[in-house]
Peer 1: 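Sharing a structure, written as structure tokens. Questions coming.
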Amino acid sequence: MKRRLNLLCLLVMLVLSYSVFSTLYDFGRGVSAGLKMAKNIKADKAAKNDNPALHLKLAAFTPDNFTCFTDSVYNEKTSSYVPAMYSQLIVSVKTNPSMCTMLISGILSLLEFISIALSVVFFIRIIISINKSDIFNWKNVSRLRWLGAALTFSFTCSLVALIISNYELADAFALKGYSMHLSELLSITTLVLGIISFIIAEVFAIGLRLQEEQELTI
Amino acid sequence: MSIIVNLDIMMARRKISLGELAEKVDITPANLSILKTGKARAIRFSTLEAICKILDCQPGDILEFRDDGKE
């Protein structure tokens, strides 16, 4: 059973590592593109304010009418245009964020990163404890609750940051035939994992109380 | 509300020690001590029967109900 548990944990860590690796890869590409852009701006100072890459925003849309295709994209396979609907776009739009919103977004990103790191630490501690055959104890109940809290807090930070970003973008950008919305950009996986962690913590707590009662039955 | 265990009173009346009673009832002294100090959450009828037999008393002599709200 422990071997199965360790295999499952290894799977979770592999999936997480893949996610981290792909994020780091995209981050690296972004940094590399940013450095190239900085070199170009240094060479040509007039290009500084015109570069669209400086104002990239991710936006999600829902078509107002699902039966009417008002847009099309060029299909290279058939060398023709095919009807299309936008779901998510990266657009270059100049918004005017206030100092306050920029600061809040920055703090939220940092808090999100810290809470994700904490949740990984709690998860590893729980697995180590289980491997030491010290499974049903109040420390693990506490760790599961903290894990749930960290994941839920991380989701809250990402939600608030997204709301702020979307609010700024909605002031500066609109697409005919579409309405902007958040649900496509928001991943509720973190929230669901947090709630599941809370549920498992309560199940552990109930089990521990039953165990204590059984032990104190003479 | 709480159940008070007056096992120590009955043991003193019958002049029997904890170890002796534990041996006769066939439970460990540690468990009997948990019962005596009121830390037990539950008691089996078989254990209560054995204690009453050894101490020659009624369950009401060992267990007392006290309603904390009325005190």
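Just so you know, these numbers use all the heavy atoms, side chains as well, and skip hydrogens, waters and symmetry mates.
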Peer 1: Please classify the contact between Ile43(B) and chain A as side chain, backbone, both or neither, with a heavy-atom cut-off of under 4.5 Å.
Peer 2: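 Ile43(B) touches chain A through backbone and side-chain heavy atoms alike.
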Peer 1: Do any pairs count as a salt bridge (Lys or Arg N to Asp or Glu O under 4.0 Å) and have a residue in residues 15-30 of chain B, sequence neighbours left out, and if so which ones?
Peer 2: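 Matches after skipping sequence neighbours: Glu20(B)-Lys24(B).
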Peer 1: May I ask you to check whether over 12 heavy atoms, not counting those of Arg145(A), lie within 6.0 Å of atom CZ?
Peer 2: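 Counting other residues, nucleotides and ligands, CZ of Arg145(A) exceeds 12 neighbours.
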Peer 1: Once rounded to the nearest 0.5 Å, what's the spacing between atom CZ of Arg44(B) and atom OG1 of Thr217(A)?
Peer 2: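 Output value for this atom pair is 6.0 Å.
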Peer 1: Rounded to the nearest 0.5 Å, how far does CG of Leu48(B) lie from CD1 of Ile218(A)?
Peer 2: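 The distance works out to 12.5 Å.
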Peer 1: Within a radius of less than 6.0 Å around CD1 of Ile188(A), do more than 12 heavy atoms belonging to other residues, nucleotides or ligands occur?
Peer 2: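 No, not enclosed.
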Peer 1: Would you say CZ of Phe69(A) has more than 12 non-hydrogen atoms from neighbouring residues, nucleotides or ligands within 6.0 angstrom?
Peer 2: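 Atom CZ in Phe69(A) is packed in, count exceeds 12.
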